[in-house]
Protein chains: 2
Amino acid sequence: MASINDVSRLAKVSKATVSRVLSGSRGVKEESRDAVLRAVEKLNYKPNVIAQSLTRQRTHCVGVICATEHVQQATGYLQALEKALSQDGKHLLLRFANSAPAVAQAMEELGAGRCDAVMVVGARFALPDEAKQAVLIDCLDGGDGPQLAIDYQFASLTACHYLFSQQRRKIVLINFSRGEAAEQVLAGYCDALESVALPYNRQLVCGSEESVSVALQTLINRHIAFDALLVSDYIKSREAIALLRRFQRQVPQEVMVFSLDGAVPVVGAPEMPQMAWPLDMLAQRALQLIGGENIAFPPLRGSLIAP
Amino acid sequence: MASINDVSRLAKVSKATVSRVLSGSRGVKEESRDAVLRAVEKLNYKPNVIAQSLTRQRTHCVGVICATEHVQQATGYLQALEKALSQDGKHLLLRFANSAPAVAQAMEELGAGRCDAVMVVGARFALPDEAKQAVLIDCLDGGDGPQLAIDYQFASLTACHYLFSQQRRKIVLINFSRGEAAEQVLAGYCDALESVALPYNRQLVCGSEESVSVALQTLINRHIAFDALLVSDYIKSREAIALLRRFQRQVPQEVMVFSLDGAVPVVGAPEMPQMAWPLDMLAQRALQLIGGENIAFPPLRGSLIAP
DNA sequence: CTGTTAGCGCATTCAT
DNA sequence: ATGAATGCGCTAACAG
């Protein structure tokens, strides 16, 4: 691999001039400029980005820690982030981590100068202290640092109203296990019920600790009627649908399932009604945040899509 | 951020000694060794990986270009690769690119010393020349360099036999648009038909040029009977299912859809019968290939999963 | 306008 | 066993 020395030698100018031509490029005589460009061409020279990183103290790399429980949830985010980053001349260093210690370790390894910034995406668990230095995106319990939140209350409200419009009245809520988002979802659910003067039935709200299957089995065992499920994320929705089918409950005829998590990009018609988030906008904002701008964005609102 | 100079000063030894303690770590007096470690601890010193990369001429980064048309197809690969890489102390530089020029540009930007190696994953189109230097994983037309192929003929054969076992005889094949994999799939399909003495019906094999919807509409318009679809990938399967439902064809009762591409990790019960690939093994082999080992692996075989 | 010099942070000879 | 010196490839400050 040719280095800047080779170029400067071939072009009969100093390294500094070569550097000037390739970077700032102003204040260089036409003549030596051409000589440099010719040499660059001939040697197929590309500046070594590692050396550049060392002097400039910037790597143009951004660490992205996908803290999602299931990969599917990460894909939409990843695609949007990669697009925004590469348009900005930055690179995406990917890492998966679905527990607090794993996130901590990832932060550790992405530090030490390898990245200019780190973001944590989609965590559904309490983050370790190390993550306080990162930009948090759709993480359940946002810290005090820069972050991007999702408006789950709005989503929940929308979902309920959609289900009402589909003549569903007995909506089971299968919520996030905990965190602020869970509270928001519950609040939206309650708001919706109230707005149509439906009573709040505690039995229809599934607690955090149990699995989706267990929750549904409990309802079925107790002969509690329901005609819709409002589920926090896509994966749980799939679990729920699988279980309902085993009990011969037609989906969506008998039980309609709504997924709040639309982070999975939809191709063709969506499988089920769900929220779709404006991921490109999310990515843009994320870039602004890692750019150091200290903006507080309002929670992002998604839009309804349905089969 | 503390540098090696700070440590050497605090420990009252030279930079070389510090370096020795942290790297090779042998041939150092116990005394100065402790002093260094103490200083490191106190300053919370972490060697700057960029500087290390510069001297060692190794970045421990691997570029991964996801050349898949749809993100979903990439997720399984990504997760498996990231796991294998991070276990090996390497980092994954992610890039999406779904056209030859995009791949070329990605190769360009990932070169220039940023990565030790690059791999291209899941390309369903002809790769540019630049990609010849990369390790090719599940790319339709493999080049002459190191690569990892998938045994699509085996998959196709398995799929057909599964469909036969489900009392399906009129199987529509919706193949890849072109490339070696398409030929393999067709070969497996033909083998299967032959093995149960079914005639090959040209009308049931859908050509490359048309979209899934058009292909199916054509069949329906011509009143050609079919009771199963063998589809090359998950996305097309979803498209097909959506269209079938619009024509009131019950899936899977009337028409069973089989997806050859199992790169989408399944959670819970699979949506439809499909092939699942041993992605961790794939990732292991990919690592061996970028490690420079010049091994030729046999095409990878997947296993059937069904609802 | 351009060359020289001095780092960036570290690893690695080569002496001692 | 350890320190001084050199270089990785490049940028930037400072003179000319």
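Computed from a predicted model, the values in this text were never measured in an experiment. First the proteins, then the strands, lettered A, B, ... as listed; each starts at 1.
- Among the candidates Leu37(B), Val28(B), Leu10(B), Val13(B), the single residue satisfying the side-chain contact (heavy atoms from CB on, under 4.5 Å) test with Val18(B) is Val13(B).
- Computed from coordinates, the Lys46(A) NZ to dC10(D) P distance equals 12 Å when rounded to whole Å.
- Side-chain N or O atoms of Asp88(A) include none that pairs as donor or acceptor with a backbone N or O of Lys90(A) at under 3.5 Å.
- Among the protein residues, Ser32(B) comes within range of the sugar-phosphate backbone only, with heavy atoms under 4.0 Å from sugar or phosphate atoms but none that close to a base.
- Panel note: side chain Gln184(B), backbone Tyr152(B); a donor-acceptor pair is recorded below 3.5 Å.
- Side-chain atoms of Thr59(B) never come within 3.5 Å of backbone atoms of Ser53(B) as a donor-acceptor pair (strictly under, hydrogens ignored).
- Of the charged side-chain nitrogens involved, at least one lies within less than 4.0 Å of a carboxylate oxygen, so that Arg124(A) and Asp138(A) count as a salt-bridged pair.
- Extent of DNA chain C lying under 4.0 Å from chain A heavy atoms, first and last nucleotide in 5' to 3' order, is dC1(C) to dG9(C).
- Atom pair Gln57(A):CD and dG9(D):C1' shows a separation of 14 Å (rounding to whole Å applied).
- The existence of a salt bridge linking Arg95(A) and Glu109(A) is confirmed by a sub-4.0 Å separation between a basic side-chain nitrogen and an acidic carboxylate oxygen.
- Note on the helix from dC1(C)-dG16(D) to dT16(C)-dA1(D): angle between the axes of the first and last five pairs equals 50°, rounded to 10 degrees.
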Report task. Would you give a per-nucleotide map of nucleotides 11-16 of chain D, 5' to 3', where B means the base has a protein non-hydrogen atom under 4.0 Å away, S means only the sugar-phosphate does, and - means neither? Result -> SBB---
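- Take Glu31(A) and apply the side chain to side chain contact (heavy atoms under 4.5 Å, CB included) test, not counting sequence neighbours, and it matches Lys29(A).
- Mapping Asn5(A) and Glu31(B) onto DNA chain D by nearest heavy atom places Glu31(B) closer to the 5' end of the strand.
- Counting only distance, with no hydrogens or angles, the side chain of Ser23(A) and the backbone of Arg20(A) share no donor-acceptor pair below 3.5 Å.
- Residue pairs meeting the salt bridge (Lys or Arg N to Asp or Glu O under 4.0 Å) criterion with at least one member in residues 5-18 of chain B, sequence neighbours excluded, are Asp6(B)-Arg9(B).
- Counting only residues at least two apart or in different chains, salt bridge (Lys or Arg N to Asp or Glu O under 4.0 Å) contacts with residues 34-52 of chain A comprise Lys46(A)-Glu108(B).
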